[in-house]
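One structure is given here, and the rest of the page talks about it.
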Amino acid sequence: MKESYFAQEIEKKWQKVWEETGAFKTPDESDKPKYYALSMFPYPSGKLHMGHVRNYTITDVIARFKKAQGYNVLHPMGWDSFGLPAENAAMKHGADPEKWTVENIAYMTKQLKMLGLSYDWDREVTTCKPDYYKWTQWLFLQLYKKGLVYKKEAAVNWCDECGTVLANEQVIDGKCWRCDHEVEKKYLSQWFVKITDYAEVLLDDLDKLTGWGDNVKTMQANWIGKSQGAIFRFPVVDAPNSEKIDVPVYTTRPDTVHGITYLVVAPEYKDIEKLTTSENKEAVDAYRANARKMTEIERLSTERVKTGVPLGTHCKNPFNGEIFPLWTADYALVEYGTGAVMAVPTHDTRDFDFAKKYNLPMKVVIQNPENPSDCKDAAYTEPGVLVNSGEFDGMSNEKAKKAITEKAVKEGFGEFKTQYRLRDWLISRQRYWGAPIPVVYCEKCGIQPVPEDQLPVLLPKDVDFSVVGKSPLLTSKTFLETTCPCCGGKAVRETDTMDTFICSSWYYLRYADAKNDKMPFAKDKVNHWLPVDQYVGGIEHAILHLLYSRFFTKALRDLGLLDFDEPFKNLLTQGMVLKDGSKMSKSKGNTVDPDEIFENYGADTARLFILSDSPPARDFDWSDAGVEGCYKFLNRVWRLVASNADDINLKYELKFPLKKENDDLVRNVHIAIKGITNDISNDFQFNTVISKYRELTNAIYEWRGKKSQLDAEDKSVMSFAIVTLLKLMSPVAVHLTEEAWHDLGAEGSIHDEPWCEWDEKLAKASSITLVVQVNGKVKDKIEADEASTEDELKALAMNSEKVKELTEGKTIVKTIVVPKKLVNIVVK
RNA sequence: GCCCUGGUGGCGGAAUCGGUAGACGCGUUGGACUUAAAAUCCAAUUGGGUGAAUAACCCAGUGCCAGUUCAAGUCUGGCCCAGGGCACCA
């Protein structure tokens with residue numbers, strides 16, 4: 001065995017062997033129970049970054065650990081390879097987005113292999129390849145047939161920088177999620193997925209996800225945003241041309257209905273013109289035109305200053321006959337509820353601000369009987385009792401919500417209503433590098449889905465990427481013109497492509513049956529492998545990808561394509577990789593290139609370090625000194641094995657009883673097996689796993705340092721300790737352990753060895769340290785026999801010199817004995 | 001404003017049930033080996049105090065203030081701070 005540790009040489013050698021022997025292929029058929037470990041697949045941006053390294057190392061160690069524990073493990077990898085950067089690169093360099101993508105995939109694949117990840121590459125999935133996007137299109141058509149995909153004219157989010165529309169989930173603080181450019185409103189006819197049909201079940205089923213963190217679940221719950229309230233319809237008493245018209249409002253506070261003093265409709269409200277008098281038309285039109293011009297950012301920045309104009313018309317409150325004016329103001333949102341709000345300034349802070357500004361009347365209808373407020377300075381939004389509310393006076397407001405809505409239902413001007421904040425998912429993108437939406441437009445037959453046997457609708461090559469503000473697909477002659485599948489006449493293709501989040505909403509299913517050319521996947525195969533047992537990825541997908549994937553799984557279940565209703569059983573959201581306290585980014589110049597780490601230290605060091613310093617869910621601060629420390633540790637392990645190689649026998653046998661110091665070492669090994677196994681099993685606490693590697697290594701060194709000569713027993717004990725250390729480290733230091741394993745004379749791979757077992761009796765210290773406290777403070781520590789009775793421990797404690805000193809002349813009030821641990825003597 | 005997560009040495013972080021706070025590592029300091037350096041190894045390292053002192057001992061200490069308990073980083077109540085999410089959602 002070589003004296004020094006040559007990481008790069010070893011790593012290259014074993015990566016080649018593993019590839020040639022197909023070490024990580026996963027059979028579908030097996031007697032073993034299945035385990036599906038999955039990392040969120042990457043966008044092939046060019047090179048791996050440290051976030052990738054962290055993500056894939058975590059999942060790889062989990063996969064290897066489960067494999068050693070006897071599972072048939074599915075651990076695949078693929079590429080989320082449609083998307084804008086490829087197209088931008090194409091525009092910039094005149095290159096083909098496909099070529100750019102394929103080259104990036106090749107480079108990143110090489111890097112993944114250098115990291116020693118145990119993927120079954122036969123199952124690789126690449127979303128931009130026709131054998132994949134054919135099925136993305138097929139699934140689109142199934143959703144279309146089921147009525148879950150539709151086209152409509154709507155106000156949509158437009159990013160000018162990206163030249164395309166965005167889903168609501170992709171607008172962050174009024175800006176584009178990808179490029180940070182301000183988002184504008186545009187009115188366009190676009191394709192939507194009806195995710196709102198699943199709002200209720202997407203919310204309810206969050207309770208089933210016991211293996212997900214609360215942070216992600218509450219983010220999804222907030223995004224879905226369920227609220228319960230009522231719809232009330234208010235008749236307009238003075239509409240122009242004496243038209244009979246109602247204004248419906250949605251409210252969560254039906255209990256305050258007697259306090260309405262005005263009503264607000266959104267500037268975009270559909271009936272607003274019918275509600276505006278000719279005298280007010282000019283002011284209203286001006287206000288609406290201005291509102292339309294404003295971007296999301298401007299609307300947000302005017303948060304505190306509410307504006308509006310009166311429409312000139314009035315409604316009647318059917319509860320008390322009161323007449324109140326109609327206004328328009330942009331604090332009412334057209335997309336939410338009915339687009340109209342009943343205003344009760346006394347009990348809603350927003351209405352209060354608005355009423356103060358425009359001097360609108362206020363009427364108190366809820367009071368706290370112990371501390372009544374006149375609501376002159378602020379709205380009263382706490383619970384209370386109804387006043388000025390006719391027959392409901394004296395009722396608690398919680399009860400009144402129901403009673404008042406029931407009255408409205410009975411008299412026909414309202415109903416109970418559950419409302420969600422979730423909007424339908426806008427999936428059209430005016431871009432080239434995505435899966436074409438498989439639809440054609442025929443002058444005679446209208447919108448026609450492309451027949452399934454004509455899939456895939458391939459992306460054409462003859463496109464001009466230099467066009468601005470419209471899809472490059474419009475420039476392709478071969479693509480655009482086609483025939484109608486219905487009448488055979490002339491038709492044009494849809495030129496919008498699908499949001500890439502559609503592609504990534506079902507890729508985890510495809511791994512179960514990646515080469516199927518008849519179906520996206522066979523039902524029995526997805527039912528076998530899914531749900532994913534452990535999903536690992538960044539928190540940034542808490543809403544976008546994870547919500548869409550949950551929706552897809554539920555929709556595909558309802559289509560009969562699979563039989564489970566949640567895709568990811570357990571979710572680990574790994575923290576970010578930081579350097580000097582802030583996120584690694586090119587613009588900050590604080591990135592660390594994985595290639596450099598591989599080159600200088602090797603992949604095993606990178607793997608060890610990225611797991612070592614923080615628990616996976618927390619942010620990880622990269623430090624060069626830390627890498628160095630891990631490299632030194634691997635060298636230390638290597639030297640331990642190499643310098644003792646001649647005395648290590650893989651077929652060791654331990655004959656009990658052992659000499660004291662040997663018994664202690666064997667105990668330490670069992671303690672390590674137990675601790676490491678438990679740490680991985682409980683939330684994958686790899687940082688403490690690694691500290692236990694170090695503890696065991698230190699213990700072996702210390703033991704070895706005390707021996708100049710080794711007898712037969714010593715050699716077996718040392719063999720047991722070192723071989724176990726290598727096995728425990730094998731999921732992390734995958735190359736080093738394999739090399740050492742072979743140098744010690746093993747035939748097969750260390751990665752095919754079963755996980756180590758511990759003996760509960762041996763995983764305990766032979767003696768215990770009895771902690772002796774006086775009045776709760778530690779005063780002495782005494783070695784005691786593990787089997788001592790409580791009385792014996794107590795006697796031992798009382799016998800301590802310290803205790804005698806401290807209890808002399810005092811009364812012992814009581815003595816607490818914690819078996820095997822501690823004695824506390826309380827004195828006065 | 002609402003929701004989630006967290007707050008422990010110079011730093012990253014340990015600490016199943018309430019039972020030795022600071023595992024393991026990084027950094028720092030001192031030492032061994034060496035002509036020297038690298039590498040390696042050993043030791044110290046929460047703060048304050050008493051001691052000539054290597055000894056030995058005392059006090060305080062897990063964001064802050066209370067409480068429960070023989071015993072609190074851990075449990076209860078109230079507050080402060082940081083990070084993240086949502087936000088004119090009626």
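We name chains A, B, ... by the order of the sequence lines, and we start the count at 1 in each one.
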Notebook entry, point to check: Is the base of B/G63 syn or anti, if syn means a glycosidic angle within 90° of 0?
Noted result: anti

Margin query: So A/Gln773, base contact, sugar-phosphate only, or nothing? Heavy-atom distance under 4.0 Å.
Written below: base

Next item on the list: Can you sort out which residues in residues 612-628 of chain A have a heavy atom within less than 4.0 Å of RNA chain B? Ascending by number, please.
Entry: A/Asp613, A/Ser614, A/Pro615, A/Arg618, A/Asp619, A/Ala625

Checklist line | Touch class at under 4.0 angstrom, heavy-atom based, for A/Arg694 against every strand present | finding: sugar-phosphate

Notebook entry, point to check: Which of the following nucleotides, B/G19, B/C86, B/C58, is nearest to the side chain of A/Lys779?
Noted result: B/C58

Note to self: OP1 or OP2 of B/C58 versus the side-chain N and O atoms of A/Lys802: is any pair under 4.0 Å?
What the structure shows: yes

Checklist line | Contact under 4.0 Å: A/Gln685 side-chain N or O vs B/A15 OP1/OP2 | finding: yes

Next item on the list: Examine the base of B/C70 for any acceptor or donor lying under 3.5 Å from a partner atom in the side chain of A/Lys814, and report the outcome as yes or no.
Entry: no

Notebook entry, point to check: Would you say B/A90 has OP1 or OP2 under 4.0 Å from some side-chain N or O of A/Tyr336?
Noted result: yes

Check: Roughly how many Å is it from CD in A/Glu783 to C1' in B/U20, rounded to a whole number?
Finding: 13 Å

Margin query: Closer than 3.5 angstrom, by distance alone: can the side chain of A/His347 be matched with the main-chain N or O of A/Thr256 as a donor-acceptor pair?
Written below: no

Next item on the list: Report yes if a donor N or O on one partner sits less than 3.5 Å from an acceptor N or O on the other, where the partners are the side chain of A/Asn222 and the base of B/C86; otherwise report no.
Entry: no

Notebook entry, point to check: Are OP1 or OP2 of B/G25 and a side-chain N or O of A/Asn698 less than 4.0 angstrom apart?
Noted result: yes

Item checked: Non-neighbouring partners of A/Phe416 that pass ring-ring contact (aromatic ring centres under 6.0 Å, His included), sequence neighbours left out -> none

Next item on the list: May I ask you to decide if A/Gly575's main-chain N or O and A/Arg618's side chain share a donor-acceptor pair within less than 3.5 Å?
Entry: no

Next item on the list: Have a look at A/Lys632 and say if it touches a base, only the backbone sugar-phosphate, or nothing, with a 4.0 Å heavy-atom cut-off.
Entry: sugar-phosphate

Checklist line | Partners passing ring-ring contact (aromatic ring centres under 6.0 Å, His included) against A/Tyr250 (at least two apart in sequence or in another chain) | finding: none

Margin query: Can you tell me which nucleotide in B/C88, B/A87, B/A15 comes closest to the side chain of A/Trp223?
Written below: B/A87

Note to self: Just the rounded figure in Å: distance from P of B/C24 to CD1 of A/Ile671.
What the structure shows: 14 Å

Note to self: Does B/G9 count as syn, meaning its glycosidic angle lies within 90° of 0, or as anti?
What the structure shows: syn

Next item on the list: Please work out if A/Lys777 contacts a base, only the sugar-phosphate, or nothing of the nucleic acid, heavy-atom cut-off 4.0 Å.
Entry: sugar-phosphate

Checklist line | Most 5' of A/Gly629 and A/Thr218 on RNA chain B, judged by nearest nucleotide | finding: A/Thr218

Check: Between the main-chain N or O of A/Pro383 and the side-chain N or O of A/Asn397, is there a donor-acceptor pair closer than 3.5 Å?
Finding: no

Check: Is A/Tyr287 reaching over with its side chain to a backbone N or O of A/Asp330, donor-acceptor style, under 3.5 angstrom?
Finding: yes

Check: Of the residues in residues 700-708 of chain A, which ones touch RNA chain B at a heavy-atom distance under 4.0 Å?
Finding: none

Note to self: Using a 4.0 Å heavy-atom cut-off, does A/Val771 contact any base of the nucleic acid, only the sugar-phosphate backbone, or nothing at all?
What the structure shows: base

Check: Given atom CG of A/Asp353 and atom C1' of B/A90, what is their separation to the nearest angstrom?
Finding: 14 Å

Item checked: Rounded distance (Å) that lies between atom P of B/C86 and atom CD1 of A/Ile539 -> 11 Å

Check: Does the pair A/Asp214 and A/Trp212 meet the rule for a side chain to side chain donor-acceptor pair (under 3.5 Å), with working shown?
Finding: CA-CA 7 Å; A/Asp214 284 340; A/Trp212 286 37; over 6 Å; no

Next item on the list: Provide, to the nearest angstrom, the distance between the CG atom belonging to A/Asn635 and the C1' atom belonging to B/A38.
Entry: 13 Å

Notebook entry, point to check: Considering only side-chain heavy atoms of A/Lys821, which listed nucleotide, B/A90, B/C17, B/C70, is closest?
Noted result: B/C17

Checklist line | Touch class at under 4.0 angstrom, heavy-atom based, for A/Asn682 against every strand present | finding: nothing

Next item on the list: For A/Ile782 and B/U20, give me the distance from atom CD1 to atom C1', rounded to whole Å.
Entry: 13 Å

Next item on the list: Could you run through RNA chain B and flag its stems, i.e. three or more consecutive Watson-Crick or G-U pairs with both distances under 3.5 Å?
Entry: B:1-7 with B:80-86, B:10-12 with B:24-26, B:27-32 with B:40-45, B:46-50 with B:56-60, B:63-67 with B:75-79

Note to self: OP1 or OP2 of B/A14 versus the side-chain N and O atoms of A/Asn687: is any pair under 4.0 Å?
What the structure shows: yes

Margin query: Check the phosphate of B/C41 against A/Arg636, side-chain N and O only, distance under 4.0 Å to OP1 or OP2. Yes or no?
Written below: yes

Item checked: Residue that, paired with A/Thr57, satisfies side chain to side chain contact (heavy atoms under 4.5 Å, CB included) out of A/Val536, A/Ile610, A/Leu608 -> A/Ile610

Notebook entry, point to check: Looking across every strand, which nucleic acid part, if any, lies under 4.0 Å from A/Val826 by heavy atom: base, sugar-phosphate, or nothing?
Noted result: sugar-phosphate

Check: Taking only residues two or more places apart in sequence, or in another chain, which ones meet A/Lys363 in a side-chain hydrogen bond (donor to acceptor under 3.5 Å, both in side chains)?
Finding: A/Glu322

